[in-house]
Student: 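There's a structure below that I have some questions on.
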Amino acid sequence: MAGIVGVLAFDRIWNVSKFLYYSMIGLQHRGYATSGVVMLNEGMESFINDVSPEDLEFQLDGWAGIGYTGSRRGYPIHNDEVAISVDGVLKDPQGFLRTFTKDREKALEEAKGAFSLVALTREGEVIGYRDETGVRPLSLGGFGFDMGIIASEPVAMNVIGGDFRREILPGEMVTISGLNVKSVILKEPKKAYCSIEYVYQARIDSFVNEGNVYETRVRIGEQLADEKPIYADTVIGVPETALPFAVGYSRKLGIPLDLGFTRTGSPIRTMLASDSFLKIVGVQLKLNPIKGAVFGKRVVLIDDSMVTGTTLKNTIMSLRRLGAKEVHVLIGSPKLVSSCPYGIEVPEDKELIAANLSEDDIAKVLGADSIHWLSLEGLQKAISRSTLCTGCMTKSYPKVI
Ligand code: SF4
């Protein structure tokens, strides 16, 4: 998974490097293992790949640029004429780049995969394209009358004081050049929005796939309350993703909401950490439980998903060490039972705890008093749409590649 962004100033006196840098910081929740940018100045010569966005700050110069922050090394890929950043899965990206350089509409029409893309051309265009499923998000915005911006999520625009205008439609290509923004529908939409974007991938203050992320997550919490009401002493959500779930659950059942954790250091997406030591250290660095919120209480703990269970197990242990009397776990997504072929890093089936153990066994392994996952129907109801990909929960995937 990745965050992609393109920024183009309408006047060449601008240097957009700081805007690009902060936009990329705003997208790091989508992945941060590697990053890179390509800037357009006199000769599109600023190709800097495989560096952290922090290293890029203020080093570059150019009136347009694109960036990538995510898990795939080498992006943005480029030749002398065009650079592209991709979120999702694009088959044969080098072959695509060659065709795109000669004929962009043909390249996009023939592209195989499930992806969103941002491109920068030497002629001075920033191009955004979202495949016909819309499985990966993409948005259009600007910075007053000075810049056009295309980014995975509106938060990349908000953090630099820009405005979100609208989402790019599935199958739509948008070209920003000069003062023009041109739209062409290249493919008929066959919407299959990624459900996980609403559950944990998109940022809490974002708007993706025609949905307000915060409001959707509150509705997921309310749905959990309908499915599994537990009249405990307190409800806490694992920051940051699951906090709105806890808000919805608390509101629906009238149970006090507490802040169960405080954050130490910068966020670490423990799900993506490669070894178990990092996962343990990650969770301890990330979340420090607050004793006053849980001591002597029956606690409902809500998290966004469960992959291997390592993170949750450590969290529950910490809560018990601080004196929680009972810990009931609710998960704001259906069980993850299969991997994702469309660019989200869900581990293989054999590593997914819900694909391999019964609920009682999982509760025992985690040290929880009970555990419940949101139902698929509950998720669809909370998202209020049926044009969804739910492949990693159902093993039934939209045919897109
Ligand atoms: S398989 Fe899961 S993570 Fe992948 S696109 Fe579908 S819903 Fe999203």
Side-chain angles (χ1 to χ4, degrees), residues 1-4 27 29-31 33 70-72 86-91 111-117 129-139 152-153 167-171 189-204 206-211 213 216-217 219-220 223 241-242 245 269-272 303-308 311 331-356 373-401:
M1 68 192 130
I4 56 175
L27 291 172
H29 61 285
R30 301 187 67 80
S71 54
R72 295 218 171 90
V86 173
D87 177 22
V89 176
L90 170 64
K91 284 202 170 169
K112 298 269 181 291
F115 65 94
S116 284
L117 164 152
Y129 174 73
R130 194 171 176 193
D131 86 307
E132 67 271 33
T133 65
V135 70
R136 303 268 69 87
L138 199 62
S139 285
S152 297
E153 296 181 36
E167 286 189 89
I168 293 177
L169 301 171
K190 293 181 192 148
K191 290 180 191 173
Y193 292 148
C194 170
S195 319
I196 291 298
E197 291 281 352
Y198 304 96
V199 174
Y200 67 70
Q201 179 58 41
R203 223 171 80 163
I204 204 168
S206 218
F207 183 97
V208 293
N209 301 343
E210 303 176 45
V213 174
T216 305
R217 288 187 193 158
R219 286 199 297 274
I220 286 175
Q223 190 61 36
T241 327
F245 301 155
R269 205 135 215 182
T270 45
M271 177 187 147
L272 303 181
D303 204 353
D304 55 20
S305 58
M306 193 190 306
V307 179
T308 62
T311 308
I331 306 290
S333 63
K335 290 177 185 170
L336 297 181
V337 294
S338 193
S339 57
C340 169
Y342 312 130
I344 297 269
E345 275 90 351
V346 179
E348 288 179 25
D349 306 13
K350 61 178 182 342
E351 288 183 51
L352 295 169
I353 192 168
N356 295 293
W373 280 261
L374 182 71
S375 68
L376 186 62
E377 299 70 35
L379 179 69
Q380 284 164 337
K381 200 168 152 195
I383 296 173
S384 322
R385 87 181 41 260
S386 54
T387 47
L388 293 173
C389 173
T390 56
C392 51
M393 308 155 201
T394 57
K395 298 193 177 181
S396 169
Y397 297 92
K399 293 199 174 22
V400 293
I401 298 186

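First listed ligand is number 1; within each ligand, the first listed atom is number 1. Note that this is a predicted model, so its numbers are computed, not measured.
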Student: Counting backbone and side chain alike, does Cys392 bring an N/O/S atom below 2.8 Å of atom 2 (Fe) of ligand 1?
Tutor: yes
Student: Under a 4.5 Å cut-off applied to non-hydrogen side-chain atoms, are Pro189 and Glu132 in contact?
Tutor: no
Student: Quick one: nearest non-hydrogen protein atom to atom 6 (Fe) of ligand 1, plus distance?
Tutor: Cys389 SG, 2.2 Å
Student: Got the closest protein heavy atom to atom 8 (Fe) of ligand 1, with its distance?
Tutor: Cys194 SG, 2.3 Å
Student: Is any side-chain heavy atom of Leu379 closer than 4.5 Å to a side-chain heavy atom of Met393?
Tutor: yes
Student: What are the atoms of ligand 1, with element, lying closer than 4.0 Å to any heavy atom of Val135?
Tutor: 5 (S)
Student: Report the residue from Arg203, Arg30, Arg136 that forms a salt bridge (Lys or Arg N to Asp or Glu O under 4.0 Å) with Glu153.
Tutor: Arg30
Student: What part of Leu388, side chain from CB on, backbone N/CA/C/O, both or neither, has a heavy atom under 4.0 Å from ligand 1?
Tutor: neither
Student: Just so I know, are the side chains of Ile4 and Ser116 near enough to count as touching, which here means a heavy-atom distance under 4.5 Å?
Tutor: yes
Student: Nearest 0.5 angstrom please: Leu374 CG to Lys381 NZ, how far?
Tutor: 10.5 Å
Student: Check whether any side-chain heavy atom of Val307 lies under 4.5 Å from a side-chain heavy atom of Leu352, and answer yes or no.
Tutor: yes
Student: Hey, which atoms in ligand 1 end up nearer than 4.0 Å to a heavy atom of Ser195?
Tutor: 7 (S)
Student: For atom 4 (Fe) of ligand 1, grab the closest protein heavy atom and report residue, atom and distance to one decimal in Å.
Tutor: Cys340 SG, 2.2 Å
